[in-house]
Novice: 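Pasting a structure here, questions to come.
Positions are given from 1, in the same order as the sequence printed here.
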Amino acid sequence: MSSTIQPAELGFFSALAASPSLSAAGREMGISTAAVSKHLAQMERRLGVVLINRTTRRMGLTPEGELLLEHARRILREIDALDELIVQSKASPKGLLRVNATLGFGRMHVAPVISDFVRQYPEVDVQLQLSVHPPPITDDAYDLCVRFGEPPDGRVIARRIAPNRRVLCAAPAYLDRHGRPRVPRDLMEHQCIGIRQGDEAYGLWRLTTGRGSKAHTESIKITGNLTTNDGEIAVLWALQGHGIVMRADWDVNRHLAQGLLEPVLPQYHTPAADIYAVYPQRHQFSTRVQAFVGFLAEALAASGAPSTDTVRFTDRLTETTRHDPALAPPGPAAFYPRPGAAG
């Protein structure tokens with residue numbers, strides 16, 4: 001019996017190795033668990049090695065399975081790149097596009113753009129995964145990541161798709177009660193809402209005055225009784241008058257425009273956090289990746305603000321917090337979208 005690996009088995013085994021169980025792999029591939037088990041057994045029998053150790057609760061790759069997976073993924077990437085090179089000049093984008101983005105920005109801005117993108121390019125299948133932390137640079141689970149700040153790694157391509165500045169702000173009612181900071185050190189006397197996200201130093205706000213050689217930065221250790229890893233919840237608490245928050249302009253500019261939030265220390269600059277589309281170098285010729293990056297950049301440039309097409313849970317706070325955010329106590333319903341709204 002031939003021990004040659006069949007080309008179709010490379011994709012099968014790669015998908016199988018990425019799944020926690022045979023049944024999960026079957027659901028992903030659209031076949032039964034029995035069919036997955038049979039196909040795997042045929043591969044192992046023909047190759048004469050065990051590729052996956054299987055128990056009733058979990059499965060794990062053997063050393064031979066690890067070796068096969070490594071080469072299978074490399075070969076599949078090369079086939080995909082070759083296909084892109086051949087068809088890119090005449091074909092419209094098609095195939096699977098796996099996108100990763102941060103929770104708040106991905107939900108509010110990336111998801112609506114994807115909705116428009118697939119209407120224009122219906123042959124592209126998009127999988128959107130939202131996460132608190134950006135995935136590792138070498139992670140093969142995504143084709144494209146939308147992240148804040150340029151990654152310090154030359155192994156990937158990072159295209160700046162939109163500017164972004166962080167803003168210190170608070171509800172006017174909070175500032176009326178507790179006073180308006182005049183210098184960064186005044187923040188140490190205030191309730192500051194902490195956000196634990198990414199690799200940034202938690203609880204440390206850096207504020208800068210001046211430019212170039214005249215720039216002076218102060219690092220302020222903030223304190224407060226509210227902390228979260230969800231930026232939208234932090235903004236919600238600020239709207240309700242609980243303290244000062246540092247958040248991206250994309251997330252708070254409409255609240256600032258409505259007067260629900262007020263800038264704090266606007267004469268100081270916060271660390272840059274421009275928005276980048278990050279993808280492996282092998283995707284620099286990918287039609288679907290390049291089409292989506294361009295589409296996303298154009299959409300963000302056109303909007304320049306949170307989408308008005310997406311109903312957010314903070315919309316429900318507008319009337320109750322217009323006069324005094326402290327009058328809007330937090331409740332479980334405030335943390336969820338309305339029925340039918342994007343969430």
Side-chain angles (χ1 to χ4, degrees), residues 1-88 91 93-100 123-129 131 133-145 151 153-157 277-292:
M1 182 178 294
S2 172
S3 62
T4 303
I5 297 175
Q6 304 300 316
E9 293 176 337
L10 299 179
F12 167 79
F13 190 74
S14 180
L16 178 58
S19 301
S21 64
L22 296 181
S23 58
R27 288 192 297 271
E28 183 70 21
M29 290 183 276
I31 60 178
S32 67
T33 304
V36 174
S37 180
K38 180 180 179 181
H39 195 167
L40 175 60
Q42 290 174 341
M43 284 183 62
E44 291 178 328
R45 187 163 56 250
R46 181 156 37 81
L47 295 173
V49 295
V50 175
L51 298 173
I52 294 180
N53 289 319
R54 307 180 280 285
T55 67
T56 55
R57 293 189 175 183
R58 58 177 300 179
M59 63 182 192
L61 296 178
T62 64
E64 292 79 10
E66 294 279 4
L67 181 64
L68 176 59
L69 178 63
E70 177 185 352
H71 287 271
R73 285 179 171 173
R74 176 180 56 79
I75 293 169
L76 290 170
R77 289 195 299 264
E78 292 176 352
I79 292 174
D80 186 60
L82 177 60
D83 182 64
E84 292 288 349
L85 285 172
I86 293 173
V87 304
Q88 66 174 324
K94 62 180 179 180
L96 176 63
L97 178 65
R98 302 165 301 172
V99 179
N100 175 272
E123 292 187 279
V124 179
D125 299 323
V126 181
Q127 292 179 354
L128 174 63
Q129 178 73 35
S131 60
H133 303 286
I137 297 295
T138 56
D139 195 337
D140 283 333
Y142 306 104
D143 302 309
L144 170 76
C145 295
D153 196 303
R155 292 174 294 172
V156 296
I157 296 174
V278 181
Y279 50 93
Q281 292 185 3
R282 67 179 181 273
H283 286 330
Q284 61 182 315
F285 299 116
S286 169
T287 305
R288 58 184 177 275
V289 170
Q290 295 304 318
F292 180 73

Novice: In chain order, what residues pass the ring-ring contact (aromatic ring centres under 6.0 Å, His included) check against Tyr279, with sequence neighbours excluded?
Specialist: none
Novice: Just to verify, what does Glu44 make a salt bridge (charged side-chain N to carboxylate O under 4.0 Å, His left out) with, not counting sequence neighbours?
Specialist: Arg54
Novice: For Ser37 versus Leu22, what's the shortest heavy-atom pair and its separation?
Specialist: CB-CD1, 4.2 Å
Novice: Taking salt bridge (charged side-chain N to carboxylate O under 4.0 Å, His left out) as the test, write out the residues that go with Arg98, two or more places apart.
Specialist: Asp143
Novice: Name all residues meeting the side chain to side chain donor-acceptor pair (under 3.5 Å) criterion together with Ser23; count only those two or more places apart in sequence or in a different chain, and write none if there are none.
Specialist: Ser21
Novice: For Leu68 and Met43, run side-chain contact (heavy atoms from CB on, under 4.5 Å): C-alpha distance rounded to whole Å, both residues' side-chain angles, the deciding distance at 0.1 Å, then the answer.
Specialist: CA-CA 11 Å; Leu68 176 59; Met43 284 183 62; 3.9 Å; yes
Novice: Under the salt bridge (Lys or Arg N to Asp or Glu O under 4.0 Å) definition, can you give me all pairs with a residue in residues 4-25, not counting sequence neighbours?
Specialist: Glu9-Arg46
Novice: Check side chain to side chain contact (heavy atoms under 4.5 Å, CB included) between Thr62 and all other residues, then give those that pass, not counting sequence neighbours.
Specialist: Val50, Asn53, Glu64
Novice: Taking ring-ring contact (aromatic ring centres under 6.0 Å, His included) as the test, write out the residues that go with Phe13, two or more places apart.
Specialist: none
Novice: Please round to the nearest 0.5 Å and tell me the distance separating atom NE2 of His71 and atom CG of Leu10.
Specialist: 11.0 Å
Novice: State which residues pass side chain to side chain contact (heavy atoms under 4.5 Å, CB included) with Ser32; sequence neighbours excluded, sorted by chain then number.
Specialist: Ala34, Ala35
Novice: Shortest non-hydrogen contact from Pro93 to Arg288?
Specialist: CB-CA, 3.8 Å
Novice: Once side chain to side chain contact (heavy atoms under 4.5 Å, CB included) is applied, do any residues pair with Glu66, and if so which ones, sequence neighbours excluded?
Specialist: Leu61
Novice: Can you tell me how far apart CD1 (Ile52) and CG (Leu16) are? Round to the nearest 0.5 Å.
Specialist: 3.5 Å
Novice: Using side chain to side chain contact (heavy atoms under 4.5 Å, CB included) as the criterion, list what pairs up with Glu28, not counting sequence neighbours.
Specialist: Gln127
Novice: Going by ring-ring contact (aromatic ring centres under 6.0 Å, His included), name the residues that satisfy it together with His283, two or more places apart in sequence or in a different chain.
Specialist: none
